[in-house]
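Working notes, beginning with the structure itself.
Only this structure's heavy atoms are used, side chains among them; waters, hydrogens and symmetry mates stay out. In the text below, chain A, chain B and the rest are named by the order of the sequence lines, each starting its count at 1.
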Amino acid sequence: MAEPLRTARAGALGEADAGREVRLAGWVASIRDHGGVLFVDLREATGVVQVVIDPVADPEVTELGRTLRDEYCIAVSGTVRLRPPGTANPDLPTGAVEVAATAVIVLSPSDPLPFRIDDRADVDENRRLEYRYLDLRRPRMAANLVARSRAMGAMRTTMLAQGFLEVDTPTLVKSTPEGARDVLVPSRLRQGSFYALPQSPQLFKQLLMVGGVERYYQIARCYRDEDFRADRQIEFTQLDIEGSFWDREGVFSALEPVIAAVARELRGVELPLPFPRITWHEAMRRYGSDKPDTRFGMELVDLGPVFTGTGFQAFAAVLAAGGLVAGINAGPRETTRSMLDGLVERARTLGAKGLVWAVVEADGTLRSPVAKHLGTPEQEGLKQALGAAPGDLLLLVGDRAKAARSVLGALRLDLGRPGGHDALDFLWVVDFPVFAVDDDGNLAPEHHPFTAPYRVEEMRNDPQNALSRAYDLVVNGVELGSGSERIHDPRVQREVFSILGISDAEAESRFGWFMRALRFGTPPHAGFAVGLDRLVMVLQDEPNIREVMPFPKTQTGYDPMTDSPSVVDDHQLRELGIDLRPEVRASLAGEPPGS
RNA sequence: GGGGGCGUGGUGAAGCUGGAGUUCACGCCGGCCUGUCAAGCCGGAGGUCGCGGGUUCGAGUCCCGUCGCCCCCGCCA
């Protein structure tokens, strides 16, 4: 492409270019003024090259050069030459050469910066977001933008090679109250009515299967109005796929090469395929989590057999009530009183009634607050069950099975989880239950209502044990996405709605349009959605998805750069038929946030 | 809704048991300097210690409240 301001790219210059007359353009990354000779590091997207301004050779250019400041946008004409002997910079890819400037133009000056462009200081994130366009010039964010682009490129290349059709779907869709909270958009032409932004393209991609597309993919923006986390924003991006005449195996075999291609592109590693699989039940039993981090052991062990008939009343009561006593071996580690107290407190905040710790002494005896309640056979059984050696710290929880597992699962992560993401342990978690039991003992659907159960009769007659044809992809304990085989039979769909407590009338008003579509020869189909932000986060070894999103929001959904969301004019509201509630108006009249 | 951490010149930090807005690094402004590359050396400017209240002779420091950011629980079919 024609670029009148430049004939070469800074980062690409090398010894082979010596003698070339070039025009370059970019930003002033650093200036070193020696009173005489002046060095300017010119940075652009491809890299950095040193520009030399020599007052003997060119007094006028030198005069201009002394007015340059950091991050001025400039154009430079000059000659590429080898650096004088002994002055090459081996730390710089272009360090063997420099550009002797014959002309410099300031394309655009820069105010003094709110923070340094290099990565040396951890700048307050609010400040980074306020000046995100400057943050994007910094090496970390620049690299993450490249990684994100290459991830999307690898996805598209691999999907196209597999014969998938990229289809985009609407972003103003019908609100479906179950699941996450919808982001709502008021309608002007139909006052009082609202669109929702899609939580996912779920129903549209199923309709594409009805429409004969057979193999669909899309890199789709999705919206869920729930509280923010390190890995959750109100809007995020998914690689969404769906295939007709597929079962789970079709999904896995289509997706695994995509993930492998992205890992190859960003990490230069070959992932071993196929990914391992684990059932949901086994994941919960061994790791206390439906998204196990399998990079380390420290697995949960059922200690019921050890404590059968125990004299330790707390555990005896748990077992008598049908609960679970389980434990982990946290391995050899320094234990101080405050550290152990901290673990007990942590277990309580996680919802456990208590936590029993035990340290194996050099002579094999157990040091533990409850040691006096445990007989010698129990102590020996405990050590054997947990594979304990002298110095090991053992942690035990007795509670309802679900609570005991989740607490131990969380402690396992606290104590064993690797700090970064050097290793990559992908795995499929399969055979999720149809329903999850919430804390009040009620059944709540674990997936959207278009997920096929293994058997509808089982779903109706034995809901707490029924399994669904749903699966998740997990890497290093991070949930990357989920999918399922879908219901393609409208009678089954109606039955499932009914079991989920959605009446025929309700199903008709909310999903009638979709149920009708299922009546016209719907192929069996299945699909998946991969969280792009999370995948790039892990591959770039970043601690949160904001680092791999160009313009993310803060935990309260605020954008410090644009001051969004913001109050709108009354006439805008009037056009939409919207009046703010009095208490909302009153709070707006008070102090504005952020001041 | 709940728990925790943080908030000090433009940036990042230190500031212990309450005693003058003190200190360090970077940046900024000015000067010196012809081979540096995070250039170096000299000088200078720059702060309502997030905000409000309280305790005290005296608060960056202690207490209460509040706002903002981050992490976690809840929530995320």
Taking only the side-chain nitrogens and oxygens of A:Arg348, find out if one of them lies under 4.0 Å from OP1 or OP2 of B:G3. no

May I ask which nucleotide in the shown strands pairs with B:G58, Watson-Crick or G-U wobble, both distances under 3.5 Å? none

Tell whether A:Arg83 reaches the base of B:U36 with its side chain through a donor-acceptor pair below 3.5 angstrom. yes

Ignoring hydrogens and angles, does a donor from either the side chain of A:Arg116 or the base of B:C26 sit under 3.5 Å from an acceptor on the other? no

Distance criterion of 3.5 Å, no angle test: do you see the side chain of A:Arg127 paired donor-to-acceptor with the base of B:G12? no

Quick one: is B:C69 close enough that its OP1 or OP2 comes under 4.0 Å of any side-chain N or O from A:Thr556? yes

Does A:Gln233 use its side chain to pair, donor to acceptor, with the backbone of A:Glu235 at less than 3.5 Å? no

Just checking A:Ser30: base, sugar-phosphate only, or nothing, at a heavy-atom cut-off of under 4.0 Å? sugar-phosphate

Output the single nucleotide from B:C75, B:C37, B:U36 whose closest atom is nearest the side chain of A:Asp41. B:C37

Does a distance-only test, which skips hydrogens and angles, find a donor-acceptor pair under 3.5 Å between the side chain of A:Glu345 and the base of B:G3? no

Distance criterion of 3.5 Å, no angle test: do you see the side chain of A:Asn126 paired donor-to-acceptor with the base of B:C69? no

Do the charged groups of A:Arg32 and A:Asp41 touch, with an N to O distance under 4.0 Å? yes

Closest of B:G1, B:G35, B:C37 to the A:Asp227 side chain is B:G1

Paired nucleotide for B:G68 [Watson-Crick or G-U wobble; both distances under 3.5 Å]: B:C6

Side-chain atoms of A:His448 come closest, of B:A77, B:C71, B:U11, to B:A77

Any salt bridge linking A:Lys291 with A:Asp472? Criterion: basic side-chain nitrogen under 4.0 Å from a carboxylate oxygen. no

Would you mind pulling out the nucleotide paired to B:G18, Watson-Crick or G-U wobble, both distances under 3.5 Å? none

Could you check whether the side chain of A:Arg232 and the base of B:C75 have a donor-acceptor pair of N or O atoms closer than 3.5 Å, going by distance alone? yes

With respect to the side chain of A:Glu125, which nucleotide from B:C70, B:G12, B:U36 is positioned closest? B:C70

Electrostatic pair A:Arg224-A:Glu226, nearest N-O below 4.0 angstrom: no

Would you say B:C71 has OP1 or OP2 under 4.0 Å from some side-chain N or O of A:Gln555? yes

